[in-house]
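A short write-up of the structure that comes next.
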Amino acid sequence: MSVQEGRRDCYCTLLLSDSYLPGCLVLAHSLRDAGTTKELVVLVTPDTVSPQATAELQTVYDHVIPVDRVRNSRPDNLQLMNRTDLHSTFTKIHLWKLTQYRRIVYLDADVVAYRAPEELFDLPHDFSAAPDIGWPDLFNTGVMVLTPNMGDYYALTAMAERNISFDGADQGLLNIHFRNNWNRISFTYNVTPSGHYQYVPAYRHFQSSINMVHFIGSDKPWFQGRYASFGGGPFDEMTGRWWAVYDRHYRGASNEANVPNGSTFGFVQKLTKGEGDSINGSQTPSSSWDASRNPPPKDAAGEAVNLPGSVYAMSQDTSQFGSHGRYSPPPAPIFPWEANRPKASRVFADDPPHVPHTPYMPPTPRVTQEESQVEPYVEEEERPEPSEPSTPTGQNRPYPAPRTWSESSVTETSSIDLKSEPTTPTTPTMHVSSSDPWTSFSRTNAWDDVPEIERYVDALQRYRRARSAKSPGTITIPSPGETGRQKPGHKLTDFPSEVERPSLPVTPAPIRRPKFWGGGGPGIDDADDDNPLPAAEGVPSQNEWVCSHGHLWTPGDCLCELANFLLHEKDPAAQLQKLARQQSEVLLQKLGSGDRDSSDLPPRPLPFGSEELTSPTYESHTARVLSPQPVKGNEGSSALRGMSDYDSPPRSPTQSVMTESTLIHEPSYGGPGLAYEKGEDFPTHGYQTLPTELD
Ligand SMILES: O=c1ccn([C@@H]2O[C@H](COP(=O)(O)OP(=O)(O)O[C@H]3O[C@H](CO)[C@@H](O)[C@H](O)[C@H]3O)[C@@H](O)[C@H]2O)c(=O)[nH]1
Ligand SMILES: [Mn+2]
């Protein structure tokens, strides 16, 4: 105790709650251990500090001074720093009322002294403090060197009554009051370690000069427990210093001799995280063992008994695993089929069929109305005869059905009661020739009959054609083989039939297709002209690949195919003439606009025998059947004008071939480029966007 001219100096701290008691005690011990000669004083608020804690304080402090708690009645600003627990730190202003002391070095309860900074008492300034790391223009109020006087006390009290503080606590109040009138002392008197920001090089450089460490923030060492910081960083090292002081005075029975008289042993430890249990264990020899000084006791139970452990028992439940009501019920059905869900069954590859009385049937073709009209292509004698039902054997099992057939799709030729096969919907159910079951296999998709899909694909193809036709006025002549089919093929399954295009025994060498206008433009087959592949040996020469009419047969070029088709039309002659006219008109029209003459045209006479055919219903239509010509626009489809009948929906064979839809009207606009005529079907969307299903 130092007395100077009748007035004393002291280190002073504050205890507002029992929870900070370990901090208060460690602080006092750190100063005492450092050999201070100054008084140790603690202010306590009796309404919030227990007598037991006060008694603990008395064991180490020279004076425990009860003071009234000064509370911030409007702690809004405290929430800004998430520290509503600091509602009563205004109580610190009682320090300036302790005029019995000449000078006070105030230390927060969360400060630990590495050495006793006695020199602070000799500072010439009335008020000194260290910068706050959060805002270094401010001073941190955890370490202050102050000179008690009633002037400051009243001023601070007046401010506190009005809750004048930018942080809602004492630091905001004192920084307002002292503003720039504070003497800055070294950070080494108030080192505030942080787990979030550590200036390691500075720490390494200055660590030997650290005087005091201040654990700011809500994570105090005694709140976290000794195992919270175990690394080698600055924060961990400083935290270790706090624990070193704690252990020296409060850990274990071996330190009992160091505990001052009157200490309620165990009270401090219970306020220190993780230490209350060990103090209970301190009654046993093992817990009194100081591992840093002695080997483990021979009769100790060992450390492992204190390890947490869990024992899991084996399940005794003998019921079968499954839902069985033990788990939540299945979810409510969403789709209609879920209500009538068929029971799952298994089929093994080598099992005999489940329906022994069902005759063997290859896949049932789905014959649509449209395709049944194509039937005339097949000669009657070529039509496959239904075979006798054969008994299924291991080698003669039903074909794997490539798709499922709906009951309504089965043609009338089926002699099977479908109900006899309720469980095998994929099994074919129709008699077909056993020699080639695929003869009558239809090549349609279930969605082919959906007009929306048709329209969509139609529009899509038109869009693509338009994109591929780069140069205006380019005319693409569809090959007769293409036109000979029922309708322009945009279905994937619209392959030409065997009759339409008989397969050749050997693929001839690629031929150079005749060029109408010189270099092949877009839309014209422009194979690699410069490098024709050499003909294979033994393959007949190109001249020999002629049809029965002497026409050079190249895929899609022989009009015989067209004729073959037209012969099955109701009015084949009219149709043929019309097509022939259109083709020649197209060529003539094109040639007339250029420098070419008809010698450029490849010889394409009408099919043999068709020259004399005239349609009884077909009037002279030279003026009406117009060759397609490009009109209006530089981009767009190169499809022929006048080919709209090819693009029109498939018509029924019972329909007259010369309906209004097959008439080709003269376009009213004859200018360059494309134009869409009145009533003409054209995409309503721009070409920039793909057609939608609604198109
Ligand atoms: O429940 C409590 C809360 C606080 N205190 C005392 O009040 C002091 C300040 O609280 P503390 O938790 O140490 O605050 P810090 O985390 O250090 O926060 C900063 O902000 C506070 C409010 O402005 C200032 O008081 C501090 O000095 C400053 O370092 C403590 O040291 C104790 O002395 C208690 O005794 N019990
Ligand atoms: Mn503090």
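Every number for a ligand or one of its atoms is a count from 1 in the order of the listing. Excluded from the calculations below are hydrogen atoms, water molecules and symmetry mates; all remaining heavy atoms, backbone and side chain alike, are included. Starting from 1, each residue takes its place in the sequence as its number.
Protein heavy atom at the shortest distance from atom 1 (O) of ligand 1 is Ser17 OG, 3.1 Å. The protein non-hydrogen atom at the shortest distance from atom 25 (O) of ligand 1 is Asp170 OD1, 2.4 Å. For atom 30 (C) of ligand 1, the nearest non-hydrogen atom of the protein is Tyr20 CE2, 3.5 Å. Protein heavy atom in closest approach to atom 17 (O) of ligand 1: His214 NE2, 3.1 Å. With hydrogens left out, the protein atom closest to atom 33 (O) of ligand 1 is Leu14 O, 2.7 Å, a heavy atom.
Side-chain contact between Asn140 and Pro131 is absent, with no heavy atoms from C-beta onward closer than 4.5 Å.
Residue-to-ligand polar distances keep Leu86 apart from ligand 1: every N/O pair is separated by 3.5 Å or more. Checked by distance only, ligand 1 and Gly217 come closer than 3.5 Å through their nitrogen or oxygen atoms. Looking at ligand 1, you won't find any N or O of Thr13 less than 3.5 Å from one of its N or O atoms. Considering backbone and side-chain atoms alike, Asp85 places every N or O at 3.5 Å or more from each N or O of ligand 1. For the pair Leu16 and ligand 1, the shortest N or O to N or O distance falls below 3.5 Å. Of the polar atoms of Asp110, at least one N or O is found under 3.5 Å from an N or O of ligand 1, judged by distance alone. Taking distance alone, with nitrogen or oxygen atoms compared against 3.5 Å, Thr89 stays at or beyond that limit from ligand 1.
Counting the atoms of ligand 1 from 1 in the order shown, those under 4.0 Å from a heavy atom of Gly142 are 27 (O). Residue-ligand proximity, Asp167 to ligand 1, at heavy-atom distances under 4.0 Å covers atoms 23 (O). Those atoms of ligand 1 with a heavy atom of Ala169 less than 4.0 angstrom away are 22 (C), 23 (O). Near Asp108, the atoms of ligand 1 lying under 4.0 angstrom from a non-hydrogen atom of the residue are 8 (C), 9 (C), 13 (O), 17 (O), 26 (C), 27 (O), 29 (O), 31 (O). Residue Lys220 has at least one heavy-atom neighbour below 4.0 Å for each of these atoms of ligand 1: 11 (P), 12 (O), 13 (O), 15 (P), 16 (O). Every atom of ligand 1 is numbered from 1 in the order shown, and the set under 4.0 Å from a heavy atom of Ala109 is 31 (O), 32 (C), 33 (O). Within the listing of ligand 1, atoms 28 (C), 29 (O) sit less than 4.0 angstrom from a heavy atom of Asn140. The ligand atoms of ligand 1 that sit less than 4.0 angstrom from a heavy atom of Gln171 are 23 (O), 28 (C).
A cation-pi arrangement is absent between Arg103 and Phe121 under the rule of less than 6.0 angstrom and at most 45 degrees off the ring axis. Figure legend: Arg184 and Phe139 shown without cation-pi pairing, the cationic atom not lying both under 6.0 angstrom from the six-membered ring centre and within 45 degrees of its axis.
In terms of the side chain to side chain donor-acceptor pair (under 3.5 Å) criterion, Asp126 has no residue partners (sequence neighbours excluded). Taking Asp85 as the reference, Arg83 meet the salt bridge (Lys or Arg N to Asp or Glu O under 4.0 Å) condition, with sequence neighbours excluded.
Distances from the Mn ion (ligand 2) under 2.8 Å pick out these protein N/O/S atoms: Asp108 OD2, Asp110 OD1, Asp110 OD2, His214 NE2.
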**OP:** Assess whether side chain to side chain donor-acceptor pair (under 3.5 Å) is satisfied between Asp68 and His94, documenting all intermediate values.
**Re:** CA-CA 8 Å; Asp68 291 333; His94 285 302; 5.5 Å; no

**OP:** Give the intermediate values and the outcome of salt bridge (Lys or Arg N to Asp or Glu O under 4.0 Å) for residues Lys97 and Asp152.
**Re:** CA-CA 9 Å; Lys97 199 174 64 173; Asp152 281 331; over 6 Å; no

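With a 4.0 Å heavy-atom cut-off, ligand 1 is reached by no atom of Asp132.
Ionic pairing of Glu275 and Lys270 is not present here: no N-O contact between side-chain nitrogen and carboxylate oxygen is shorter than 4.0 angstrom. Using a cut-off of 4.0 Å between Lys/Arg side-chain N and Asp/Glu carboxylate O, Asp62 and Arg32 are scored as salt-bridged.
At distances below 3.5 Å, not a single donor-acceptor pair connects side-chain atoms of Gln207 with backbone N or O atoms of Tyr203. Between the side chain of Thr91 and the backbone N or O of Val70 there is at least one donor-acceptor pair closer than 3.5 Å. Here the side chain of Asp110 pairs no donor or acceptor atom with the backbone of His214 at under 3.5 angstrom.
Using a 30° and 60° split on the angle between ring planes, Trp243 and Tyr246 fall in the perpendicular class, above 60°. Classified by interplanar angle (parallel below 30°, tilted 30° to 60°, perpendicular above 60°), the ring pair His29/Tyr250 is perpendicular.
The salt bridge (Lys or Arg N to Asp or Glu O under 4.0 Å) contacts involving residues 199-215 comprise Arg204-Glu237, where partners must be two or more places apart or lie in separate chains.
In this structure, the separation between OG on Ser165 and CG on Leu173 is 5.5 Å, given to the nearest 0.5 Å.
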